[in-house]
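Below is one structure, written out as structure tokens; the observations come after it.
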Amino acid sequence: MTSPETPVREAGQDFIRDIVTADRDAGRVGEIVTRFPPEPNGYLHIGHAKSICLNFGVAQEFGGRCNLRFDDTNPTKEEQEYIDAIERDVAWLGFDWGGKAVHASDYFEQLYAWAVDLIRAGKAYVDDQSQEEMRAARGTLTEPGTDSPFRSRSVEENLDLFARMRAGEFPNGARVLRARIDMASGNINLRDPVLYRILHAVHPRTGTAWCIYPSYDFAHGQSDAIEGVTHSLCTLEFADHRPLYDWLIENLPVPSRPRQYEFARLNLTYTLLSKRVLTELVRGGHVDGWDDPRMPTIAGLRRRGVPPEAIRDFIGRIGVARADSLVDIAMFEASIREILNRSAPRRMAVLRPLRVVIENYPEGEGETLEAVNNPEDPEAGTRTIRFTRELYVEREDFMEVPEKKFYRLFPGNEVRLRYGYFVTCREAVKDDAGEVVELRCTYDPATRGGESPPDGRKVKATLHWVSAADAVPAEVRLINPLFTDPEPAPGNFAASLNPAAREVLTGCMLEPAAVAGNDAAPIQFERLGYFSRDRDSQPGAPVFNRVVGLRDSYARQAARGNG
RNA sequence: UGGGGAAUCGUCUAAUGGUAGGACAGCGGACUCUGACUCCGCCAGUCUAGGUUCGAAUCCUAGUUCCCCAGCCA
């Protein structure tokens, strides 16, 4: 079990860790064993990251182990692609599961034997009812169910039928194996739950070896027991299944007694975390795939440029509890900035270029200036940038008629060009349509390198810029929340899909050092945000994704003024 | 009207009968060659009503609100 730093909790720990601590201190358990049990029917998302960090984190903190176990009991939905993607994502998040992943399917033979034990003990029976009949006989939330006419078959007949189910004598849906518990239970999960169903399907791991598959309820707890899991952590919706989990453990000769604990799943504003919705987004072509940078999947976040440290930091900050919650996406963004601020090299890039001509700078000449790579990290050193007569600045850094508190470029105003010179805007050149197409400026040679001038003159803004002759054109994709509604309705997600979730900007101008390396390690475009090279980049045609923007108190205050 | 769970600043989360604390967000200020970062300050909470107690977020009683469960999904 290896993983980078675990966030330190200031006060108290969460209730899960309290329980584990108490169990350990009371000697109720030896080695702490947990597991992360994904079903390989989709990609992992940030909600899974909460479970991953919890399960692997607890095991690590208590010197135990955590298995990566695939809950692969439904071959009609599961695929090898998902198995591979899940392993890749968990590893990327920084966790390791001791060499090889395990699978519920590894235990199919043992599970089958235990099902036979249950039949022998009169605690399970083969039911011939159709799905509709079973549903009708299950009762409702307020009315008890009624016993199946097949409920009191003889052990011999049940044994025979179950063996023939396995042998493939019956079609899908013809029969199921059910636990014999209590059709009148207030807990519907105890109304003779299905243990095995017939599924003539090719399983990604066991192929066609089986045509009957255990249900989640029958496979999960027993798999936990086989692996010696001490604390089986799952989300709240399984709380109703705990009595069944315990019933099976108590009625089967399992090698250990795991205990299940439930915690609240993660919900995020402007985000939908449900495999059903995410799958529809992919299949419906609303996004370009599971790793589309707009997706809340681990693969999408990775491609967007979010570092795994930021995900871990975020999960550490939100804590673990049993109350339903909806976490502000701003908290996730804060974690991303926290990590990237100290690690991302700084570069200059102009997203929406506005040409600037420095009138008193000699034509055809240029010079090399020095720029700091990361003010948060002196070790990161410096780089050089080119200054010439023609530059690009950000369009929104110019206002012909400045609103109050606007300190940037406007006719007559002087600003600092970062690491460059003080420049004063003399005139805005417009085209026939009245659009500003160029700024005529002058510079002060006494301010080279961005230093303040000898006369002590001050300037209220420092702008980013790039030399027109040296700039590298690029495409930049601004990634925004996928939904416009802070709490989108899962059943009608299309209604709140954000058409501006990806804004594609072309003709962006970057300083050459921004594309010097070839890796996707995020860099900060000064004053704009953190950006990461996308794999869509071609030689000479780089593409960047915005990981997250910088905090922008000017924009906030301006928006407030307009609102 | 069955069963299971949960209610603490706007949001997330601590406090385990003894000063309701932290983070995010917001607001104000300092600093600044990034309107970033950093630093300082402010704002703001125990679902309601009773009860027990010297003392209640915590214990008791009665309510209220919200979430989950009627797959041969997990």
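Naming: A, B, ... by sequence-line order, numbering from 1 per chain. The shown structure was predicted, so the numbers you read here are calculated from the model rather than taken from an experiment.
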Minimum-distance nucleotide (side-chain atoms of [X] versus [options]):
{"X": "A/D18", "options": "B/rU16, B/rA6, B/rG2", "value": "B/rU16"}
{"X": "A/L141", "options": "B/rC72, B/rG2, B/rC12", "value": "B/rG2"}
{"X": "A/F238", "options": "B/rC12, B/rA14, B/rA74", "value": "B/rA74"}
{"X": "A/D240", "options": "B/rA14, B/rC73, B/rC69", "value": "B/rC69"}
{"X": "A/R408", "options": "B/rA6, B/rG35, B/rC12", "value": "B/rG35"}
{"X": "A/E237", "options": "B/rA74, B/rG2, B/rC24", "value": "B/rA74"}
{"X": "A/P375", "options": "B/rG4, B/rU34, B/rA7", "value": "B/rU34"}
{"X": "A/D324", "options": "B/rC73, B/rA6, B/rC67", "value": "B/rC67"}
{"X": "A/I188", "options": "B/rG2, B/rG4, B/rU34", "value": "B/rG2"}
{"X": "A/M331", "options": "B/rG4, B/rA25, B/rC12", "value": "B/rC12"}

Kindly say if [X] contacts the phosphate of [N], meaning a side-chain N or O under 4.0 Å from OP1 or OP2.
{"X": "A/R197", "N": "B/rC73", "result": "yes"}
{"X": "A/R556", "N": "B/rA36", "result": "no"}
{"X": "A/R135", "N": "B/rA70", "result": "no"}
{"X": "A/R138", "N": "B/rC72", "result": "yes"}
{"X": "A/R175", "N": "B/rC72", "result": "no"}
{"X": "A/R342", "N": "B/rC37", "result": "no"}
{"X": "A/S553", "N": "B/rA36", "result": "yes"}
{"X": "A/T73", "N": "B/rA74", "result": "yes"}
{"X": "A/R346", "N": "B/rC37", "result": "no"}

d(CD, A/Q557; P, B/rG28) in whole Å: 9 Å
A/I16 CD1 to B/rA14 P, straight-line distance once rounded to whole Å: 11 Å
Sub-6.0 Å ring centroid separation between A/Y407 and A/Y554: no
Let's test this: given Watson-Crick or G-U wobble pairing with both distances under 3.5 Å, identify the partner of [N].
{"N": "B/rA56", "result": "none"}
{"N": "B/rA6", "result": "B/rU65"}
{"N": "B/rG28", "result": "B/rC40"}
{"N": "B/rA20", "result": "none"}

Taking the [atom1] atom in each of [N] and [M], what is the distance between them to the nearest angstrom?
{"N": "B/rU38", "M": "B/rA6", "atom1": "P", "result": "37 Å"}
{"N": "B/rC9", "M": "B/rU58", "atom1": "P", "result": "15 Å"}
{"N": "B/rG45", "M": "B/rA25", "atom1": "C1'", "result": "15 Å"}
{"N": "B/rC60", "M": "B/rG41", "atom1": "C1'", "result": "42 Å"}
{"N": "B/rA7", "M": "B/rA15", "atom1": "P", "result": "12 Å"}
{"N": "B/rC69", "M": "B/rC27", "atom1": "C1'", "result": "44 Å"}
{"N": "B/rA36", "M": "B/rC31", "atom1": "P", "result": "14 Å"}
{"N": "B/rC47", "M": "B/rC42", "atom1": "C1'", "result": "27 Å"}

Ring geometry between A/F108 and A/H203 (parallel below 30°, tilted from 30 to 60°, perpendicular above 60°): perpendicular
For B/rG45, glycosidic torsion class - syn if within 90° of 0, otherwise anti: anti
Sugar-phosphate only, base, or nothing, as touched by A/R418 at under 4.0 Å among non-hydrogen atoms: base
Touch class at under 4.0 angstrom, heavy-atom based, for A/L326 against every strand present: sugar-phosphate
Residues A/E367, A/R386: salt bridge by 4.0 Å N-O rule: no
A/L248 and A/Q222: CA distance, side-chain angles, deciding distance, side chain to side chain contact (heavy atoms under 4.5 Å, CB included) verdict: CA-CA 8 Å; A/L248 288 165; A/Q222 282 54 254; 3.6 Å; yes
Check: A/H464 side chain, B/rA36 base, donor-acceptor under 3.5 Å: no
A/Y530 and A/F525: CA distance, side-chain angles, deciding distance, ring pair (Phe, Tyr, Trp, His ring centres under 6.0 Å) verdict: CA-CA 6 Å; A/Y530 298 95; A/F525 288 165; 9.8 Å; no
Worked verdict on A/S232 versus A/H220 for side chain to side chain contact (heavy atoms under 4.5 Å, CB included): CA-CA 9 Å; A/S232 185; A/H220 203 93; 4.0 Å; yes
Steps toward salt bridge (charged side-chain N to carboxylate O under 4.0 Å, His left out) verdict (A/E414, A/R457): CA-CA 10 Å; A/E414 183 173 44; A/R457 209 161 75 246; 2.8 Å; yes
